[in-house]
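Residue numbers begin at 1 in each chain, while the letters A, B, ... track the order of the sequences.
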Amino acid sequence: MTTIQQVLAERFDRALAKVYGPELAGADPLLRRSDHADFQSNIALSLKKRTGDNPRDGAAKIAQALDSADLCDRVEVSGPGFINLHLKASFVADVVGQLGADPRLGVALAARPETVVIDYSSPNIAKELHAGHLRSTVIGDALARTLEAVGHRVVRQNHLGDWGTPFGMLIEHLLDLGEGVGDKGVADLNEFYRAAREKFDGSPDFAERARRRVVLLQGGDAPTLELWQRLVDESKRTFRAVYDRLGITMRDGDAAGESLFNSRLEPTVRELTDKGLAVESEGAICVFPPGFKGKEGKPVPLIIRKQDGGYGYATTDLAAIRYRLHDLGATRVIYVVGAPQAQHLTMVYKTAELAGWLVPPARAEHVAFGSVLGEDGKMLKSRTGESVKLMELLQEGDDRALALVREKNAERGEGDEPLSEGELAAAAHAVAIAAIKYADLSADRVKDYVFSWARMLATIGNTGPYLQYAHARNRSILRKAAAQGLSLEAAHITVEAPEERALALALLSFGGAVHDVVASLEPHRLCTYLYDLASTYSTFYAKCPVLKAEPAARASRLALVALTARVLAQGLGLLGIEAPERM
RNA sequence: GCGACACUAGCUCAGUUGGAUAGAGCGUCGGCCUCCGAAGCCGAAGGUCGCAGGUUCGAAUCCUGCGUGUCGCGCCA
């Protein structure tokens with residue numbers, strides 16, 4: 001389908017060619033939604049330097065030359081040189097009609113589909129997912145869904161912490177516990193890890209065994225690998241349980257943990273050394289990407305082989321980015337990782353560039369995010385000062401949401417069948433997930449945010465439940481219409497009332513909002529859009545009766561309602577949030 | 001010491017990449033259910049966009065300096 005902006009932009013091209021000649025025809029008309037009209041063009045202001053015209057005169061010339069009789073009721077120059085466009089209702093109606101017929105709801109496919117690798121979630125083996133993993137998991141998943149929706153090939157990568165020195169103590173602890181560990185000993189992973197750590201710190205004997213075990217593991221000793229595999233499998237099982245419950249699309253097959261790169265570490269170091277990028281320094285082998293200065297102005301190293309000959313995370317990260325670019329064929333590599341790692345990641349990219357792995361159009365991007373804070377303004381912790389397990393967080397969400405849904409269900413009016421116990425539980429779960437995810441996604445991700453059940457579960461304001469409510473209320477009308485035998489298909493849409501026009505224009509902005517997220521990797525832009533759509537719809541809902549309207553208006557409004565339901569459900573879906581029929 | 005990020009209404013946050021009178025929500029105050037789900041809608045009050053310079057027709061947005069806070073800066077990830 002064509003968008004309003006496309007149609008207008010084409011007319012501006014022609015007008016610019018007419019006024020200033022073909023060389024300016026391609027200039028961006030800078031079309032924006034406006035408080036003073038439906039759209040405004042800022043083109044005349046931006047052209048001042050190129051044409052010499054003062055913006056008001058230029059705007060007048062362009063407006064005069066603009067062939068817009070079929071699109072606009074009025075085109076006027078205003079302020080310092082804005083061109084205000086008041087669209088004809090018939091034009092808006094025509095385009096929103098096309099939107100209704102478009103299965104993609106105006107979300108254009110990417111002109112150039114890419115292979116995009118998204119590194120997100122990335123928990124550690126033998127530790128449970130906790131609140132610290134929430135943001136990466138939720139944001140990464142929303143981005144994965146959104147990029148897929150515009151036609152990119154998305155490769156999820158769960159960069160599990162499944163290798164390295166901690167596994168010495170974990171395996172020895174597993175051996176100490178003996179048989180039957182699969183069903184009991186590892187069940188509480190946090191406790192398992194804590195106990196292993198305690199022994200490691202407390203017993204030199206145990207610590208020595210652990211160190212020897214690490215050597216066996218890295219040497220590929222079969223019995224050791226078997227034990228390691230048991231830990232990995234058990235951990236993955238708990239990850240899967242959390243992902244399922246939270247509605248995360250990461251699957252077992254997406255696991256690409258540190259162990260995957262074990263065999264590539266030595267070749268990676270060799271390649272970097274051969275290329276002259278890595279040098280010996282203080283007994284270690286390091287890359288010093290230019291432009292990074294630390295204490296006392298000394299260059300900051302990426303240590304790719306430690307003094308003791310071992311490899312650290314820098315080597316793994318380099319092997320991983322090489323794998324993603326070369327083996328997976330990515331042209332876009334996205335890291336959904338906390339903001340504190342910004343410098344480290346930049347150094348990795350720089351090194352990958354110098355090594356000739358990361359070359360345009362391929363690029364690597366850090367989707368940085370801030371911390372989840374408790375109500376005390378510090379990092380979210382449980383009462384006992386430990387990290388909050390995601391599973392427990394999700395349970396609390398379900399409990400709180402169930403109380404909320406139950407309370408609202410009791411207030412239901414006549415003719416509105418109460419929800420069954422099963423429906424209540426399902427709705428509560430959907431609401432809880434919406435609350436948690438939306439709170440995480442709706443603000444600029446680089447800032448910290450305070451985790452507050454009261455705020456995220458609020459039924460008014462910019463929250464997940466508010467959007468779900470708008471959708472559910474909307475679906476209620478459609479159910480009633482269907483029960484009356486009214487058709488939602490192929491209705492001729494008209495936009496007469498201002499609320500209808502506002503709703504139509506809001507619906508038409510969906511594709512743009514989705515592509516904003518694709519470009520910026522900032523899901524909150526879609527949230528802001530959806531909240532605006534839901535608000536606009538709520539106003540329409542209050543002012544424009546649907547089922548009680550005259551047949552022609554009723555059919556048109558029903559089509560708008562149906563379209564709104566689709567956009568809300570689709571938009572929430574891109575964020576990983578369900579839109580229940582009833583709640 | 002060097003660097004990154006943040007700072008917008010009492011609180012929580014937007015601000016379409018330099019455009020018109022800086023917008024929402026919460027909270028406060030005041031209206032709206034004989035009418036499609038009031039988990040809603042409408043209205044009011046509320047601002048030195050951290051501070052100071054600069055760039056230009058125009059700056060919350062770009063540049064410089066400063067302040068406050070958070071986080072990094074060699075063998076953890």
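Within the nucleic acid shown, S476(A) comes within 4.0 Å of at least one base atom, counting heavy atoms only. Residue-level contact check: D532(A) touches neither bases nor backbone, having no heavy atom under 4.0 Å from any strand. Residue contacts for Q341(A): at a heavy-atom cut-off of 4.0 Å it reaches a base atom on one of the strands shown. At the heavy-atom level, V300(A) lies under 4.0 Å from the strands shown only through sugar-phosphate atoms. Within 4.0 Å (heavy atoms only), A314(A) reaches no atom of the nucleic acid at all. Backbone-only contact: Y466(A) has heavy atoms under 4.0 Å from sugar-phosphate atoms and none from a base. Residue-level contact check: C527(A) touches neither bases nor backbone, having no heavy atom under 4.0 Å from any strand. If you check every strand for non-hydrogen atoms under 4.0 Å, A284(A) touches a base.
A syn base is found at rC33(B): its glycosidic angle is within 90° of 0. Classification of rU17(B) as syn follows from a glycosidic angle within 90° of 0.
Minimum atom distance to the side chain of Y469(A) is reached by rG37(B), of the listed rC36(B), rU17(B), rG37(B). Ranking rC73(B), rC75(B), rC42(B) by closeness to the T539(A) side chain, first place goes to rC42(B). Here the side chain of A542(A) is nearest to one of rC41(B), rG74(B), rG37(B), namely rC41(B). Relative to the side chain of L45(A), the nucleotides rG37(B), rG74(B), rG19(B) differ in distance, and rG19(B) lies closest.
The side chain of Y529(A) contributes no N or O atom lying less than 4.0 Å from OP1 or OP2 of rU16(B). Side-chain nitrogen and oxygen atoms of K447(A) include at least one within less than 4.0 Å of the OP1 or OP2 phosphate oxygen of rA14(B). In this model, the phosphate group of rC36(B) is not approached by any side-chain N or O of R475(A) to a distance below 4.0 Å at OP1 or OP2. Contact between the side-chain N/O atoms of K378(A) and the OP1/OP2 oxygens of rU70(B) is not found at any separation under 4.0 Å. Contact annotation: K408(A) side-chain N/O to rG37(B) OP1/OP2 distance is not under 4.0 Å. Listed pair K298(A) / rG1(B) fails the phosphate criterion, with no side-chain N or O lying under 4.0 Å from OP1 or OP2. Not one side-chain nitrogen or oxygen of R412(A) sits closer than 4.0 Å to the OP1 or OP2 atom of rA39(B).
If you check rC29(B) for Watson-Crick or wobble pairing at under 3.5 angstrom, you find it paired to rG43(B). Here rA24(B) sits opposite rU12(B) as a Watson-Crick or G-U wobble pair (both hydrogen-bonding atom distances under 3.5 Å). The pairing partner recorded for rG19(B) is rC57(B), the criterion being a Watson-Crick or G-U wobble arrangement whose two distances lie under 3.5 angstrom. Here rC51(B) sits opposite rG65(B) as a Watson-Crick or G-U wobble pair (both hydrogen-bonding atom distances under 3.5 Å). Applying the Watson-Crick and G-U wobble criteria (two distances, each under 3.5 Å), rC73(B) pairs with rG1(B). Here rA38(B) sits opposite no nucleotide as a Watson-Crick or G-U wobble pair (both hydrogen-bonding atom distances under 3.5 Å).
Of the residues R33(A), R501(A), R32(A), the one that meets the salt bridge (Lys or Arg N to Asp or Glu O under 4.0 Å) test with D38(A) is R501(A).
Checked by distance alone, S46(A) brings no side-chain donor or acceptor within 3.5 Å of a matching partner on the base of rG19(B). Interface remark: the Y313(A) side chain does form a donor-acceptor pair with the rA77(B) base, using a distance-only criterion of under 3.5 Å. Not a single donor-acceptor contact under 3.5 angstrom links the side-chain atoms of D444(A) to the base of rA6(B). Contact of Q40(A) with rA20(B) (side chain to base): a donor-acceptor pair of N or O atoms is detected under 3.5 Å. With hydrogens and angles ignored, a donor-acceptor pair closer than 3.5 Å exists between the side chain of S78(A) and the base of rA20(B).
Distance CG/N54(A) to NZ/K48(A): 8.5 Å, rounded to 0.5 Å. Here OH of Y531(A) is found 15.0 Å from OH of Y529(A). Values are rounded to the nearest 0.5 Å. Atoms CH2 and CG, from W228(A) and L217(A) in turn, are 7.5 Å apart once rounded to the nearest 0.5 Å.
Residue Q484(A) qualifies as enclosed at atom CD: its count of foreign heavy atoms under 6.0 Å is above 12.
No side-chain donor-acceptor contact under 3.5 Å links Q341(A) and H366(A). For N409(A) and E407(A), the side-chain atoms include no donor-acceptor pair closer than 3.5 Å. Using a 3.5 Å distance cut-off with no hydrogens or angles, the side chains of N262(A) and Y311(A) do not pair a donor with an acceptor.
Remark: the backbone N or O of L521(A) is paired with a side-chain donor or acceptor of R445(A) at under 3.5 angstrom.
Considering only heavy atoms from C-beta on, T316(A) stays 4.5 Å or farther from R264(A) through its side chain.
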Extract from the structure each pairing of a protein N or O with an N or O of nucleotides 25-34 of chain B at less than 3.5 Å, listing the distance.
none

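Stacking of H344(A) onto the six-membered ring of rG72(B) is not present when judged by under 5.5 angstrom between centres and under 30° between planes.
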